[in-house]
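Here's the structure we're looking at; comments come further down.
Any value given below was found using the heavy atoms of this structure, including those in side chains, with hydrogens, waters and symmetry copies removed.
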Amino acid sequence: MPRVRHATPLTAVLLGALAEVSCAPAPAPQPSMPAAARPDPRPSAEPLLADVLHRIDEEGSVRSSVRGDLGFVGELAGDGAVRYTADRADVALHGTTKPAAAQPPQPVELAVVDGVGYLKSPLLQPEPGKPWLRLAADGTDFAAKLLSPALRQVQDAADPRATFAGVAGATRIQSSAPEQVDGTPTTRYSIRVLTAQGAASAPDEQQRTRLRKAADAGRTEIGYELWLDDRGLPARFAATEQVAQAGQVSLTSTYRDWGAPVDIAPPPADQVGAFPDGPLPGAQPPR
């Protein structure tokens, strides 16, 4: 008879362990690690903008032309001047507005001096013999609430510092290409401000609020177009914004004569009037 081999104690232990492994349930899958945020491949615009804003401060003044759409105020076309100070830009502009396509252009003059806006238009006659309307940025009257945001946008369109100061670190260069502005060679930069990051760093309260609202609405970036000449100074600046009371505002400023002397002053006090407290004719009440 053939001999029957008995398992040694060591063999029995190994066979038992193998059986337990083969019957054991499969290990539970481990949770995967969250994917790392993909780095933004676009170059930062911060060095470029820091140089541009410094050059604007050095020059101190410029002559400009503004073209675009001021929302319910209508189309705007004007020429004027800008004087830059440490914390603001004083602006004077004269031209035309066209509130509706069927209406002819109407003459308009505006000035923003020391943070206070003044507007002169035959469509707005605040008081007899006083053709200018005063619009304080923090005014609580109906006219100030309705028109100050649009006037602020004209001021910002003339001053790229108002757009980029404090948020340069939250900007990216989408693209750049050579382009001419009125026959002058320039480089056109498409710049994007990251809204959430910009809202965290913006020094101006209105700017923070605007960027935060855009971020909360799912608008992750706001785009601007900036043309720079061979000296690194703006030749043109274009922006489109959603502005309280005015709607969508699209303005393009074209610059010339950087550093030229400019004369910007508020209108004479005896020509400045105010509307009675109440809605402007044909205007929608501010929200």
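- Formation of a donor-acceptor pair under 3.5 Å by the Ser201 side chain with backbone atoms of Gly166 is found in this model.
- You'll find the side chain of Ser64 stays beyond 4.5 Å of the side chain of Arg256, heavy atoms only.
- When side chains are defined from C-beta on, Pro234 counts as touching Leu226, because their heavy atoms get closer than 4.5 Å.
- Each of Leu135 and Ile264 belongs to its own hydrophobic cluster when Ile, Leu, Val, Met, Phe, Trp and Tyr are linked at side-chain heavy-atom distances under 4.5 angstrom.
- One distance of note links CG of Asp229 with CZ of Arg236; it measures 12.5 Å at 0.5 Å rounding.
- Residue-environment remark: CG (Asp263) stays at or below the threshold of 12 foreign heavy atoms within 6.0 Å.
- By the 4.5 Å heavy-atom criterion applied to side chains, Pro107 and Pro122 are counted as neighbours.
- Proximity of a side-chain donor or acceptor of Arg63 to a complementary backbone N or O of Val82 within less than 3.5 Å is not detected.
- In this structure, CZ in Phe237 is found 12.0 Å from OG1 in Thr254, a value given to the nearest 0.5 Å.
- Glu46 and Arg172 are not joined by a salt bridge, as no carboxylate oxygen comes within less than 4.0 angstrom of a charged side-chain nitrogen.
- When side chains are defined from C-beta on, Leu251 counts as touching Leu70, because their heavy atoms get closer than 4.5 Å.
- For the pair Gly232 and Val52, the tightest heavy-atom approach, listed with the atom from each and the gap, is O-CG2, 3.8 Å.
- Smallest separation of non-hydrogen atoms from Gly117 and Leu151: CA-CD2, 3.4 Å.
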Could you go step by step and tell me if Asp57 and Arg161 meet the salt bridge (Lys or Arg N to Asp or Glu O under 4.0 Å) rule? CA-CA 9 Å; Asp57 287 337; Arg161 304 176 311 168; 2.8 Å; yes
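- Under 4.0 Å is where a charged nitrogen must lie from a carboxylate oxygen, and between Arg55 and Asp51 at least one such pair does.
- Checked by atom type, the side-chain pair Ser190/Glu225 shows a donor-acceptor distance below 3.5 Å.
- Minimum heavy-atom separation, Tyr84 to Ala158: OH-O, 2.8 Å.
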With ring pair (Phe, Tyr, Trp, His ring centres under 6.0 Å) as the criterion, how do Tyr189 and Tyr224 come out once you've worked through the C-alpha distance, each side chain's angles and the decisive distance to 0.1 Å? CA-CA 8 Å; Tyr189 293 90; Tyr224 301 91; over 10 Å; no
Run Arg210 and Glu205 through salt bridge (Lys or Arg N to Asp or Glu O under 4.0 Å) and show every step you take. CA-CA 9 Å; Arg210 177 173 54 83; Glu205 182 178 354; over 6 Å; no
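- Atoms CG and NZ, on Leu211 and Lys213 in that order, are 11.5 Å from each other to the nearest 0.5 Å.
- Between Thr163 and Gln207, the closest heavy-atom pair is O-NE2, 2.9 Å.
- Looking at Val112 and Val154, their side chains never come closer than 4.5 Å, going by heavy atoms from C-beta outward.
- In this structure, OG in Ser44 is found 7.5 Å from CD1 in Ile173, a value given to the nearest 0.5 Å.
- The line from CG of Leu228 to CG of Leu49 is 8.5 Å long, rounded to the nearest 0.5 Å.
- We find the CZ-CD distance between Arg192 and Glu221 to be 7.0 Å, quoted to the nearest 0.5 Å.
- With hydrogens and angles ignored, the 3.5 Å screen pairs no side-chain donor or acceptor of Glu109 with any backbone N or O of Trp132.
- Cluster membership for Val113 and Val66, using ILVMFWY side-chain heavy atoms within less than 4.5 angstrom, is not shared.
- Using a 4.5 Å heavy-atom threshold, the side chains of Arg134 and Pro267 count as separate.
- Contact detail for Tyr255 and Ala157: the closest heavy-atom pair is OH-O, 3.1 Å.
- A salt bridge is absent between Asp159 and Arg88; no separation between the charged side-chain nitrogens and carboxylate oxygens falls under 4.0 Å.
- Nearest approach of Arg83 to Val262, heavy atoms of both residues: CB-CG2, 4.0 Å.
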Determine, stepwise, if the pair Ile56 / Trp258 fulfils side chain to side chain contact (heavy atoms under 4.5 Å, CB included). CA-CA 8 Å; Ile56 290 175; Trp258 279 99; 3.9 Å; yes
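- One finds no salt bridge joining Lys98 and Glu75 here, because no Lys/Arg side-chain nitrogen approaches an Asp/Glu carboxylate oxygen to under 4.0 Å.
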Between Val108 and Leu119, is a side chain to side chain contact (heavy atoms under 4.5 Å, CB included) present by the stated rule, with each step listed? CA-CA 7 Å; Val108 66; Leu119 186 62; 3.7 Å; yes
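- Put simply, Leu194 and Ile191 are part of two different groups of oily side chains (I, L, V, M, F, W, Y) that touch within less than 4.5 Å, one to the next.
- A salt bridge links Arg152 with Asp204: at least one charged nitrogen is closer than 4.0 Å to a carboxylate oxygen.
- A side-chain donor-acceptor contact under 3.5 Å links Thr195 to the backbone of Thr220.
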